[in-house]
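Notes for the one structure printed next.
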2 protein chains.
Amino acid sequence: MLRLSTRGQYGVRAMFEIARGWPHRPVSLKEVSRRQDVSVAYLEQLLGKLRRAGLVVSVKGPGGGYLLSRPPERISIGSILKELEGPVALTACVQDPRKGCVRVEGCVTSLLWRALGQRIEQFLDTITLADLLNTNALRRQVRKEAQSA
Amino acid sequence: MLRLSTRGQYGVRAMFEIARGWPHRPVSLKEVSRRQDVSVAYLEQLLGKLRRAGLVVSVKGPGGGYLLSRPPERISIGSILKELEGPVALTACVQDPRKGCVRVEGCVTSLLWRALGQRIEQFLDTITLADLLNTNALRRQVRKEAQSA
DNA sequence: AAAATACTTGACAAATTTGCTCAGGTATTT
DNA sequence: AAATACCTGAGCAAATTTGTCAAGTATTTT
């Protein structure tokens with residue numbers, strides 16, 4: 001249950017590769033494709049969204065590629081996933097209040113989904129690309145999150 | 001992102017209704033259907049799985065229905081979802097280690113998905129049907145979980 | 001015994017989502 | 001003008017989801 005689609009997975013991995021070029025070197029999709037084993041065509045689709053969302057800027061022409069639009073510590077994993085897969089929305093009634101619960105009793109569970117969704121978002125918003133660039137920092141971060149739970 | 005399928009949602013709602021009959025009164029799918037607005041045929045599919053998993057027992061004949069197999073405080077939301085939707089598995093490489101990451105770098109993200117998955121499971125295993133039966137208890141529970149995060 | 005209630009199983013089908021590819025563009029540098 | 005690389009939208013096959021349907025079996029009531 002709760003599978004993350006490849007859009008999100010590849011998107012984060014691509015952003016990780018692009019983050020490695022920060023702050024000067026644009027990273028081409030060809031390079032991302034080679035390192036992460038994802039087709040250029042698919043990456044184009046994903047990066048288009050991330051560019052329109054303002055997470056990266058593109059540099060055209062030879063030697064071009066993508067650059068982070070701001071420092072890696074200011075780009076959370078959550079912000080990437082949100083653009084590629086939409087907001088965390090475990091159920092329809094949480095995402096869209098108009099699609100209300102059929103019965104009052106149903107809302108008891110909606111409280112649950114809402115609470116879980118918030119926890120997931122909080123986790124994903126806490127981890128940034130900077131953490132991915134430094135595995136040790138990531139381990140620390142994850143442990144901190146875990147022990148507090 | 002991270003949508004919960006209707007199988008899981010309806011399953012939990014159905015278990016909530018069945019829990020209301022605890023410990024004597026079997027609750028029929030007809031009743032669950034009426035209260036939760038889900039077709040009997042679909043519920044049959046879901047409850048069959050939950051019965052085979054040992055979460056409920058069935059009582060045939062008139063006045064029959066389903067009963068929890070153990071007290072509501074010993075049936076977690078996680079155990080229900082696990083039967084209906086399989087284990088939390090955000091990515092293939094977390095679920096099945098043989099489907100390893102393509103590159104060493106990819107494993108950096110796998111650490112992330114693993115950590116998030118664990119947090120989700122821990123949350124879902126903490127909340128039980130007993131909490132759903134008592135909205136106040138649920139609110140307390142959710143708040144406790146939240147503040148510790 | 002017959003009728004009514006209710007669970008049981010497996011097959012199947014429509015709708016949706018996923019996971020891409022492809023063709024043809026545009027912009028920039030050498 | 002040639003090469004590099006981004007950009008866009010359409011399209012499509014496979015998988016998954018979200019159910020329905022038919023034909024049972026078991027139990028109780030009359």
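Given the structure is predicted, the values throughout are model-derived calculations rather than measurements. So you know, we letter chains A, B, ... as the sequences are listed, proteins then strands, and number each from 1.
Atom CZ of A/R139 has 12 or fewer heavy atoms from other residues, nucleotides or ligands within 6.0 Å.
Across all strands shown, B/G64 has heavy atoms under 4.0 Å from sugar-phosphate atoms exclusively, and none from any base. Across all strands, A/R51 comes closer than 4.0 Å only to sugar-phosphate atoms, never to a base (heavy-atom distances). Counting any heavy atom pair closer than 4.0 Å across all strands shown, B/L47 reaches no nucleic acid atom.
Which of D/dC7, D/dA5, C/dC7 sits closest to the side chain of B/S28 comes down to C/dC7. With D/dA3, D/dC21, C/dT9 as the choices, the nucleotide that has an atom nearest any side-chain atom of A/P62 turns out to be D/dA3. Closest to the side chain of B/Y10, from the set C/dC20, D/dG19, D/dC6, is D/dG19. Minimum atom distance to the side chain of B/Y66 is reached by C/dC7, of the listed D/dC6, C/dC7, C/dT18. Listed nucleotides D/dC21, D/dC6, C/dT18 differ in distance to B/A41; the shortest reach to its side chain belongs to D/dC21. Ranking D/dT18, C/dG19, C/dC20 by closeness to the B/S5 side chain, first place goes to D/dT18.
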Go through it in stages, so that I can follow the logic: the residues are B/E83 and B/K49, the test is salt bridge (Lys or Arg N to Asp or Glu O under 4.0 Å), and I'd like the CA-CA distance, side-chain angles, deciding distance and then a yes or no. CA-CA 7 Å; B/E83 294 306 329; B/K49 285 195 176 195; over 6 Å; no
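Between the C1' atom of C/dA14 and the OH atom of B/Y42 lies a distance of 13 Å, rounded to the nearest Å. Computed from coordinates, the A/R25 CZ to D/dA5 C1' distance equals 15 Å when rounded to whole Å. Atom pair B/L46:CG and D/dT17:P shows a separation of 13 Å (rounding to whole Å applied). Straight-line distance from the CD atom of A/E31 to the C1' atom of D/dT4: 14 Å, rounded to whole Å. If you measure from atom CZ of A/R34 to atom C1' of D/dA5, you get 14 Å, rounded to the nearest angstrom. A straight line from CG of A/L81 to C1' of C/dT18 spans 16 Å, rounded to a whole angstrom. What separates NZ of B/K60 from C1' of C/dT8 is a distance of 6 Å, to the nearest Å. Here the P atom of nucleotide C/dG10 and the CD atom of B/E44 are 13 Å apart, to the nearest Å.
Salt-bridge formation is detected for the pair B/D125/B/K82: a Lys NZ or Arg NE/NH1/NH2 atom is positioned less than 4.0 Å from an Asp or Glu carboxylate oxygen.
Looking at B/Q45, its side chain comes within 3.5 Å of the base of D/dT20 through a donor and an acceptor atom.
Of the residues near DNA chain C, A/S39 and A/G61, the one whose nearest nucleotide (by heavy atom distance) lies more toward the 5' end is A/S39. Comparing B/G48 and B/K30 by the nucleotide of DNA chain C whose heavy atom lies nearest to each, the residue mapping closer to the 5' end is B/K30.
No hydrogens or angles considered: a donor-acceptor pair under 3.5 Å links the side chains of B/S5 and B/E85. The closest side-chain donor-acceptor pair between B/Y42 and B/S33, if any, does not fall under 3.5 angstrom.
Put simply, A/T6 has no side-chain N or O that comes within less than 4.0 Å of OP1 or OP2 on C/dT18. Between B/R52 and the phosphate of C/dT9, there is a side-chain N or O to OP1/OP2 separation shorter than 4.0 Å.
Atom OH in A/Y10 sits 13.0 Å away from atom CG in A/L84 (nearest 0.5 Å).
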